[in-house]
Amino acid sequence: MPRQRKRASRGAPEPEMEAPSGKRTKVTTTETLDKPVVEEETSDSPKKDQATKRCGNELSGYWLMKSEPESRLEKGVDVKFGIEDLKSQPKQTACWDGVRNYQARNFLRAMKVGEEAFFYHSNCKEPGIAGLMKIVKEAYPDHTQFEKDSPHYDPSSKKDNPKWSMVDVQFIRTTKRFIPLAELKVHHQAHKANGGPLENMALFTRQRLSVQPLTQGEFDFVLSLEEKKTS
C-alpha cells in the first residue's frame, strides 16, 4: 500500500492521470488470524456482483484496508506505510496502490467518494486497527503496474486495458486507542457462538484480502471498542 520512501518516479503521471504527491506503496502481504501470508491472486471474473455484493448483501460503504507500518524492503523499495505516514502526507492524502488481488481490486472499484475505512496495520508485531480514513477519489488505473522498478510492476497489464486500480484516501483520525486483532478475534468468536455483528466479519472469513467490505453493524461495533478500556 502507500509508501513514503522517495524514488525517481514517485508522483509521476500515470497515463492521463497524476498520482498524489503523497505517494505510498501498497502492502502486498496480509495476515491470517495470527501470522502473515502472501496475498494470493484469484482468477479474474467479469461478474459485477463480486464487487457490489458482500455475503449476499449490497455493500454498505464501509471498508477495512490493510497496510504495513513496519519497514520491509521489496525489490529494494521500503513498503512501510502506517497511519502516521498517511497523516504526514500533503493534504493527509495518498493513493492506495499496489493491490494485486482481483477481489480486493473489485472492492476498490466499488468505493465511492466520502465512504469511510479503517486503516488496519498488517504484517507487523501487533496487527490491528489504528485509525480512520475516507475515500476522496474513486478508482482509476494504478500507475505502479506499469513501472518496471516498482515492486508491483505487472508486465501483463496494458496501458490501454489496465488490470489494476487504486483509490485516493485521506486521513480522518487515529482511533482513541489501537484495537488489536487479538481483541477483535475474541469478539468474533463470541459472536460466532452466540450471534453478534462480527459473526461473519471478512477479517476472519476472508483473511487474505487486503481490502475488505464491512457492514454498518461491523463498523459501528468495532468503532465502539475504542471507548472501552482494556485491563
Side-chain angles (χ1 to χ4, degrees), residues 1-2 25-45 49-57 59-70 72 74 79-83 96-111 116-133 151-152 164-167 169 175 178-223 225:
M1 295 188 173
T25 301
K26 186 263 165 193
V27 59
T28 53
T29 58
T30 60
E31 76 276 348
T32 60
L33 302 189
D34 302 305
K35 63 182 180 179
V37 298
V38 176
E39 183 176 273
E40 293 181 346
E41 186 174 282
T42 60
S43 59
D44 199 0
S45 171
D49 62 2
Q50 286 192 356
T52 59
K53 293 187 178 181
R54 178 196 186 284
C55 300
N57 298 319
L59 292 170
S60 66
Y62 295 100
W63 308 93
L64 182 148
M65 300 167 73
K66 300 179 180 181
S67 187
E68 298 185 35
E70 298 174 359
R72 180 177 66 83
E74 188 172 327
V79 296
K80 172 187 179 294
F81 196 85
I83 188 71
W96 203 265
D97 59 46
V99 170
R100 297 297 181 265
N101 173 286
Y102 285 108
Q103 189 172 24
R105 179 209 64 184
N106 288 347
F107 286 138
L108 289 176
R109 291 180 177 180
M111 292 176 178
E116 294 186 11
F118 284 125
F119 194 120
Y120 181 95
H121 282 176
S122 176
N123 197 22
C124 55
K125 292 178 182 177
E126 186 175 35
I129 292 170
L132 289 161
M133 57 189 178
H152 312 301
W164 307 111
S165 300
M166 62 185 182
V167 298
V169 298
T175 45
F178 182 78
I179 304 171
L181 173 64
E183 180 180 344
L184 294 170
K185 184 177 181 180
V186 169
H187 290 294
H188 164 67
Q189 291 175 333
H191 293 182
K192 191 175 179 181
N194 303 308
L198 303 193
E199 180 179 3
N200 297 310
M201 190 177 185
L203 184 62
F204 303 101
T205 62
R206 304 181 187 182
Q207 304 99 313
R208 294 173 182 248
L209 285 177
S210 62
V211 178
Q212 304 175 355
L214 297 170
T215 66
Q216 184 165 354
E218 290 167 348
F219 180 86
D220 291 344
F221 181 87
V222 172
L223 194 60
L225 296 177

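Just so we're clear, the structure is a prediction, and the values are computed from it rather than from any experiment.
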So, the side chain of Glu68 versus the backbone of Ser122: is there a donor-acceptor pair under 3.5 Å, distance only?
-> no
Please walk me through it: do Ile129 and Leu64 pass side chain to side chain contact (heavy atoms under 4.5 Å, CB included)?
-> CA-CA 9 Å; Ile129 292 170; Leu64 182 148; 4.2 Å; yes
Examine Tyr120 together with Trp63 and report whether their ring centres are nearer than 6.0 Å.
-> no
Mind checking whether His187 and His191 have parallel, tilted or perpendicular rings, split at 30° and 60°?
-> tilted
Take Ser165 and Arg105 through the test side chain to side chain donor-acceptor pair (under 3.5 Å) and record every step on the way to the result.
-> CA-CA 6 Å; Ser165 300; Arg105 179 209 64 184; 5.5 Å; no
Arg208, Arg206, Gln212 screened by side chain to side chain contact (heavy atoms under 4.5 Å, CB included) with Gln103, the one that passes = Arg206
Would you please indicate if the ring centroids of Phe118 and Tyr62 are separated by under 6.0 Å?
-> no
Check the pair Met65, Leu108 against side chain to side chain contact (heavy atoms under 4.5 Å, CB included), reporting the backbone distance first and the verdict last.
-> CA-CA 10 Å; Met65 300 167 73; Leu108 289 176; 4.0 Å; yes
Distance-only, no hydrogens or angles: does the Glu218 side chain make a donor-acceptor pair with backbone N or O of Thr215 under 3.5 Å?
-> yes
State, with a plain yes or no, whether a side-chain heavy atom of Asn123 is found less than 4.5 Å away from one of Glu70.
-> no
Taking all non-hydrogen atoms of both residues, which atom of Phe107 and which atom of Leu59 are closest, and how far apart?
-> CE2-CD2, 4.2 Å
Step-by-step side chain to side chain contact (heavy atoms under 4.5 Å, CB included) determination, Leu198 to Lys192 | CA-CA 7 Å; Leu198 303 193; Lys192 191 175 179 181; over 6 Å; no
